[in-house]
Structures are given as C-alpha cells and as structure tokens.
Amino acid sequence: MGELRALEAVDPEVAGLIREEEVRQARTMRLIPSENYVSKAVLEATGTVLTNKYSEGYAGKRYYQGQGVIDRLEQLAIDRAKALFGAEHANVQPYSGSPANLAVYAAFCKPGDRVLGMGLPHGGHLTHGWPVSVTGQFYEAHQYTVRRQDELIDYDEVRRMARELRPAMIIAGATAYPRVIDFEIFAEIAAEVGARLMCDIAHIAGLVVGGVHPSPVPLADAVTTTTHKTLRGPRGGMILCKAAHAGAINKAVFPGLQGGPHNHTTAGLAVALAEASTESFRDYAAQVVSNSRALCEGLLSEGFRLVTGGSDNHLALVDLTPLGVPGKPAAQALERAGIVCNYNTIPYDPRKPFDPSGIRIGTPAITSRGMREGEMALLAGWIGRVVRHIGDPAVEESVRAEVEGLCAGFPAPGLD
Ligand SMILES: *Cc1c(COP(=O)(O)O)cnc(C)c1O
C-alpha cells in the first residue's frame, strides 16, 4: 500500500482500518477462490484522479466535455480486452459481475422471458436466476443441476429442459464448480433451441486467458466476467460479445442500467489486462491449477471428501461430513488459525445453507504469493489438524504460528 500520509492526517480512523486489513491480508492464507492480490501497479492506477471524472456514454459520444484522456483510456482497455480474449467487442463499463450479467439479460430478454441457469445450491451464481435475485423475479427462471452420482453438470438435463422450455437465454458458468465446463455442449444446445447463450466466466477468466480452461468467447453470444477474481484486476465487470450484439450490449449497460463508468477502475483494468497478456501470467494460471490439484490430494489423504472427487480448476468444494464437522464451525476455526475460506453448500446438501456440510477453498490468492505444491501439502495438513481438533485453542494457536511463518516467506503482491 505504501504511504497513506494525507489519509492518516485527515482521517486516522479510516487509515487505521485500512492498515489493519492490510496486515490481515499479509498474515493469513486467503483461500476464498473469488479473491486475489492485485499488483502494486493496479492499486496505483485505481487510486487516482480518474475517480473525479464523469464520462457517461462511449468514446466519441459522451454527454460531458473534457473526455480527451478518458476516451483514450477506455479505448485502450477495450483494445486490450479484445486482444487478450479474442473477442469481437468488449464493454469495460459494468460496475461489477452482477451488473454485467443483468446488462446481458436486458440486452437479450424481455421481462418475463424464460431463462435457464445453474441452480445456486449446485454451484450457480445468484444472478443466474435464483429467486432472491432480481434475475429470478424479472424473468421466468428455471434451474438445472449437477448429477447426484458424480456431482458433474447434467448436460442431458440441460438439453432436456432447454427443449421443453425453449428459453430465450441459457446461462453457463458457476461460482462453486471444481471442474471444467463444457461450453461447446452449451453452444450446441442453445443453437438447437434457438436460445441466446451467455457464459459467465467471473471465476475462471484468468484461467481462460492463461490457457488452462477452454474459452467460451468463440461460442457464446455474450461472455461476462468480473475483473477481480482469477483475472487479478480491480473490482469490476466486463462483457465480451459478437460484433452483431455490440449495439444492444452497449445500450443495455448505458443508458439501460448504469450512469457514468468508474474511470479509475478502467485504468486499473487496462493495467491488469496488460499483465494478464504476459508469459508469466500463463505460468501463474497453470500454477493455480497445479496447486489446486496438490491441495486436493493432501486433503484426500487427510480424510476429507471432495465434491466430484477433486478439482481441475482453481477451487475445490470440501465435504466435511466424513470428519463429523459442519462447514460453519470449521470455517470459523480455520479463520482463528489464519486460514480464511467460506462455508458452502455441497450439491444435495442435507444441511441448511447457513450451516452447510462444506467449505469452499481456492488457490488464486496464495498462488499470487508464489506458493507451490510443497506449501499446499503443508496447508492440507494444517486444515486437517484444525478440523480434527475442532475448537481446540492450542491447535489453532500452533497452526496460526505456522501459517504466519509461511506467509512471511511469501510476500503478497501490492502489500508492503
Ligand atoms: C462473483 C460472481 C459474479 C458476481 O460478481 P460481483 O462482482 O460480486 O457482482 C457473477 N457470476 C459469477 C459466476 C460469480 O462467481
């Protein structure tokens, strides 16, 4: 973070909170698979005077004067996004992943239209039509699931539901699915039933550009993503689409859904996109997956059950049932031991969502610190110890000391 001189003078309370969070991020193993550490360059770009500028509209067609710099900056981010993802069109204005998704609904569907997405308890996102999300209220949302026997997406069910329901849009993508998603099957099904296909790669965008997960960009009508998960940029959203949909997507974002874009975020995104175009980012993405596999092997030998048996992306869903501990107390104990994850439902979970059977873990952030397979073996052992001795302060304390020792040897990007 560096100096916060003005902030410390003007508002020591906020400065103090930021410092505390910085220490927490430095000293803990952050296993939340949607989180990461942005580079110092991305942090610097986002903390700039660009936050002062209004720029509703698009380059060359703005509603305010003074856009000389902003037009060039947004175009730079767009050009980098198109080149990196091989997309015909990019909109970099969505405030985050959820508004990016809503903009695609607005572009492709009328209120009340049928949509087909993955159910939240099976790994889908709220915005894929879950009832508490407006996407489940403004549209007639239907949800496909994973198969009970192997916990993989049931593509036969997707096809059967699509044929029966004839949805206006099918949504592929997930927030808690540890395996590769077959976007080709989704594209076939969408073509067969005349539905638009939206692929949401919020979690896996960095794996896609890093070449370790197949890309939906050539197949989908629109691809949405967050910019801050495996892509390792500032918090934001982005839509990539076919040239034929560029007008509809742009109109849906502005003026359909949003006002002025967050130009300081656009600057951070442009930097992150350049970083993600490098050979070292490809190495990073490959290591994220290798680390996830190594962590899974370690957890299996600690006696945990893994949903689908393992992981071929950046995350795993750990079923704690064999150890007789529910997800929530496990996540709380792990946090006391310096290992931060989130409790999560597992498919067909017999327990309630606020105290489910599993935890969700992922390797994007710890891989950004340079940790590799050897550190994953240590980590799996610590997770096993904490969960087997649930609530034992001495165990939590000793694991915490080991975690802090390891973290000290792997400085996180962007932190001092
Ligand atoms: C995180 C996520 C989103 C939402 O992103 P926000 O930036 O939190 O709004 C959307 N879709 C998927 C699949 C996600 O994992």
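Order of listing sets the numbers, starting from 1, for every ligand and every atom in it.
- Protein heavy atom in closest approach to atom 1 (C) of ligand 1: K229 NZ, 1.4 Å.
- Within ligand 1, counting atoms from 1 as listed, the ones closer than 4.0 Å to a heavy atom of A202 are 2 (C), 11 (N), 12 (C), 13 (C), 14 (C), 15 (O).
- Considering backbone and side-chain atoms alike, T175 places an N or O below 3.5 Å from some N or O of ligand 1.
- Residue, atom and distance of the protein heavy atom nearest to atom 3 (C) of ligand 1 are H125 NE2, 3.3 Å.
- Of the protein's non-hydrogen atoms, the one nearest atom 9 (O) of ligand 1 is S98 OG, 2.7 Å.
- Nearest protein neighbour of atom 7 (O) of ligand 1, counting heavy atoms only, is S96 OG, 2.4 Å.
- The closest approach between any non-hydrogen atom of G173 and ligand 1 is not below 4.0 Å.
- Evaluated by nearest non-hydrogen atom to atom 12 (C) of ligand 1, the leading choice among D200, L126, I201 is D200.
- In this model, a donor atom of one side chain and an acceptor atom of the other lie less than 3.5 Å apart for N263 and S55.
- Proximity of A174 to ligand 1, defined as any heavy-atom pair under 4.0 Å, is confined to the backbone N, CA, C and O atoms.
- The side chain to side chain donor-acceptor pair (under 3.5 Å) test with E35 is passed by exactly one of K229, H228, R30: R30.
- Side-chain N/O atoms of R179 and T308 include a donor and acceptor closer than 3.5 Å.
- Residues L300 and G309 come closest through the heavy atom pair CD1-O, 3.9 Å.
- Of the listed residues (E21, E22, R27), just one forms a side chain to side chain donor-acceptor pair (under 3.5 Å) with Q25, and that residue is E21.
- Per-residue contacts place N101 under 4.0 angstrom from the following atoms of ligand 1 (heavy atoms of the residue considered): 10 (C), 11 (N).
- For the residue pair T135 and S133, a side-chain donor N or O sits within less than 3.5 Å of a side-chain acceptor on the partner.
- Residue-ligand proximity, H228 to ligand 1, at heavy-atom distances under 4.0 Å covers atoms 7 (O).
- A donor atom on one side chain and an acceptor atom on the other are found under 3.5 Å apart for D79 and Q75.
- Counting only heavy atoms of the protein, atom 5 (O) of ligand 1 lies nearest to T226 CG2, 3.2 Å.
- Considering both main-chain and side-chain atoms, G97 comes within under 3.5 Å of ligand 1 through a nitrogen or oxygen pair.
- Cation-pi geometry between R232 and Y284 is satisfied (NZ or CZ under 6.0 Å from the ring centre, within 45° of the ring normal).
- R369 and Y37 share a donor-acceptor pair across their side chains, judged by distance under 3.5 Å alone.
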